[in-house]
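Note sheet for the following structure.
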Amino acid sequence: MPDSLPTPRLIIGPQELTSGSGGSYEHHDPATGNVQADVPLAGAADVDAAVAAARTAFPAWRDLDLNRRRDILLEIARKVLADQERLAAIATREMGMPNALAGTAAHLAADWFTYYAGWIGKCGGDVVPVPAGDAFDYVRDEPLGVIGAIIPWNGPLVSIGMKVAPALAAGNCVVLKPPENAPFTALRFAEIAADAGLPPGVFNVIPGTGEAGAALCAHPGVDKITFTGGGETARKVLTAAAQALTPVTLELGGKSANIVFPDADLDAAVAMAIGAGLVTLSGQGCMLPTRLLVHNDIYDDVVSRVTAGAQLLTVGDPWEPTTVMGPLATAAQLERVSAAVDSAVRDGSGTLLGGGARPSGLGSGYFYCPTVFGDVDPASDLAQKEIFGPVLSILRFGSDDEAVQLANDTPYGLAAYVHTRDLRRAHVLAAALDAGGVAVNGFPIVPSGAPFGGVKQSGFGREGGIWGLREFQRTKNVYIGLQ
């Protein structure tokens, strides 16, 4: 196992602090349960210092030659790719992702930085038509200032690409709060960014719990909060941000429907149901298709294939090259998934077709078997609540309208998936589904140029493309009288 973890610390301007005012956290290796690091945590005093460092760095970063800003972001992208092996090792030790798959995150993050580097110097304001000779009126797109970014533990490097790249490209400085149980990717990224020429204070890292998050969200020196996480925490984010009327972007949870029609390529649909619904991040992803909606005509066939395929999945040591599913990220996450499955079995929310227990022979790691329920009650917690683990709920439908009704009948609206060869049906459902994004006949790696975000309880605001850049800009009108 590579000794890959960076030194646990807070990075505030030019300072690197090995203790914080918020105490410390024992980080456990998800694959073994053993303590592998003591993480210093930021408190309110550290948040104050980080925001002050960002505010001090902001004027110079905002006014930096645009070509230089672009080149720094491009260099960050190059160095992230060059560091792929170590970043993958950190992800494996940090949250248990199979090492053979973990290198993908570096490519995704590098793509986001490359994409947003390309916007620098190309996003200009407009000239507003006014009566000739009276005035000249134009619009400026300006950076907001200091961005408070709160990222999740299940994909920190990708989240950094989605949030930090557009914020920096727009000319902002960032105070990043990674969670206490996943600080190492952010710390390594900070090292990479500094090596690429990013000035001190432009990017600050303060690992912390909800205490640090609340202080960051309520801080009057923060100009915007961008948050990815759960709905319960998001309500606290909004409450704290309201104290200073700070605008917020929220990317929250999901219970995404994956709808399979009789005319679909069933081999591809089943492969995606297993690969995206169970294997990816061991089910710990907000946009994963955790509800499989199957037409009555093919229900038995699809259920049989999915159940058989789930039983063939290799759950085990994330350092083994044959492992496709590693452990859950924390003991608390394991307890949450176990409790949800046990409750569903007790309540008869569906028929347990496979899994539903911890695998044997894997010691004290946070492993859980891929779990499949059939004939799930659409009103049950199993169908309505985000479990965030390798648990797939399969429901029946008989018509297109029923499929849409079932898909929309949750509080969430992040993503939806449709499998059909009927182009008309694909477009009709894409319009009818309450989701921020709809994918037809595939599971997307969200392109850096596309908008990503949810509706309903899945949040608001968008990451990606010009939409993601505008989240970190403000519009100023300039009117110059000519008489």
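In this text the structure is predicted, and so the values were computed from the model without any measurement.
Side-chain contact check for Trp153 versus Pro178: every heavy-atom pair is 4.5 Å or farther apart. A heavy-atom distance below 4.5 Å is found between the side chains of Val164 and Phe113. Side-chain contact check for Leu328 versus Phe388: every heavy-atom pair is 4.5 Å or farther apart. In this structure, Leu252 and Thr233 have side chains that are not in contact, with every pair of non-hydrogen atoms separated by 4.5 Å or more. Within the 4.5 Å cutoff, the side chain of Lys163 has no heavy atoms near those of the Ile150 side chain. Residues Cys123 and Gln473 meet the side-chain proximity criterion, which asks for heavy atoms closer than 4.5 Å. No side-chain heavy atom of Glu16 sits less than 4.5 Å from a side-chain heavy atom of Thr7. Side-chain contact between Tyr417 and Ser256 is present, with heavy atoms from C-beta onward closer than 4.5 Å.
Rounding to the nearest 0.5 Å gives a distance of 10.5 Å between CZ of Arg78 and CG of Leu73. Rounding to the nearest 0.5 Å places CD of Glu180 at 9.5 Å from OG1 of Thr330. Rounded to the nearest 0.5 angstrom, Thr371 OG1 and Leu278 CG are separated by 8.0 Å. In this structure, CZ on Arg188 lies 11.5 Å from CG on Leu157, to the nearest 0.5 angstrom. Considering CG of Asn181 and CG of Asn154, their distance stands at 10.0 Å, rounded to 0.5 Å. Atom OG1 of Thr32 is separated from atom CZ of Arg93 by 9.0 Å, given to the nearest 0.5 angstrom.
Between the side chain of Asn172 and the main chain of Ala167, a donor-acceptor pair closer than 3.5 Å is present. Remark: side-chain polar atoms of His419 are not paired, donor with acceptor, to backbone N or O of Ile259 under 3.5 angstrom. In this structure, the side chain of Glu211 does not engage the main chain of Gly22 through any donor-acceptor pair within 3.5 Å. Side chain of Trp61 to backbone of Leu198: no donor-acceptor contact under 3.5 angstrom is found. Judged by distance alone, with hydrogens and angles left aside, the side-chain atoms of Thr239 form a donor-acceptor pair with the main-chain N or O of Arg235 at under 3.5 Å. Panel note: side chain Asn99, backbone Pro318; no donor-acceptor pair is recorded below 3.5 Å. Although no hydrogens or angles enter the test, the distance criterion places a donor-acceptor pair under 3.5 Å between the side chain of Glu386 and the main chain of Gly254. In this structure a side-chain-to-backbone donor-acceptor pair under 3.5 Å is present from Arg86 to Ser4. No donor-acceptor pair closer than 3.5 Å links the side chain of Thr323 to the backbone N or O of Gly326. In this structure, the side chain of Arg69 engages the main chain of Ala169 through a donor-acceptor pair within 3.5 Å.
The minimum heavy-atom distance linking Gly208 with Leu41 is given by the pair CA-CD2, 4.0 Å. Between Gly13 and Pro200, the closest heavy-atom pair is C-CB, 3.9 Å. A pairwise comparison of heavy atoms in Ala149 and Val174 identifies CB-CG1, 4.2 Å as the closest pair. Minimum heavy-atom separation, Val438 to Ala430: CG2-O, 3.9 Å. Summarising the geometry of Pro143 relative to Ala170, their closest heavy-atom pair is CB-O, 3.2 Å, with the distance given to 0.1 Å. Between Ala329 and Pro30, the closest heavy-atom pair is O-CG, 3.4 Å.
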Asp223/Arg55 under side chain to side chain contact (heavy atoms under 4.5 Å, CB included): CA gap, chis, key distance, verdict: CA-CA 10 Å; Asp223 297 289; Arg55 296 224 70 86; 2.9 Å; yes
Candidate pair Val175 and Ile12, rule side chain to side chain contact (heavy atoms under 4.5 Å, CB included), full reasoning: CA-CA 9 Å; Val175 177; Ile12 298 175; over 6 Å; no
Step-by-step side chain to side chain contact (heavy atoms under 4.5 Å, CB included) determination, Tyr368 to Val341: CA-CA 11 Å; Tyr368 200 81; Val341 171; 3.4 Å; yes
Step-by-step side chain to side chain contact (heavy atoms under 4.5 Å, CB included) determination, Ile151 to Thr228: CA-CA 5 Å; Ile151 61 172; Thr228 295; 5.8 Å; no
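Here Phe472 and Tyr116 keep their ring centres 6.0 angstrom or further from each other. If you look at Tyr366 and His28, their ring centroids are not closer than 6.0 Å.
Ion pairing between a basic and an acidic side chain is recognised when a charged N comes within 4.0 Å of a carboxylate O; Asp195 and Lys79 show no such pairing. Asp409 and Lys255 are not joined by a salt bridge, as no carboxylate oxygen comes within less than 4.0 angstrom of a charged side-chain nitrogen. With respect to Lys385 and Glu232, no salt bridge is recorded, no charged nitrogen being found less than 4.0 Å from a carboxylate O.
The 12-atom threshold is not exceeded at CD of Glu85, counting heavy atoms of other residues, nucleotides or ligands nearer than 6.0 Å.
No hydrogens or angles considered: nothing links the side chains of Glu471 and Thr226 as a donor-acceptor pair under 3.5 Å.
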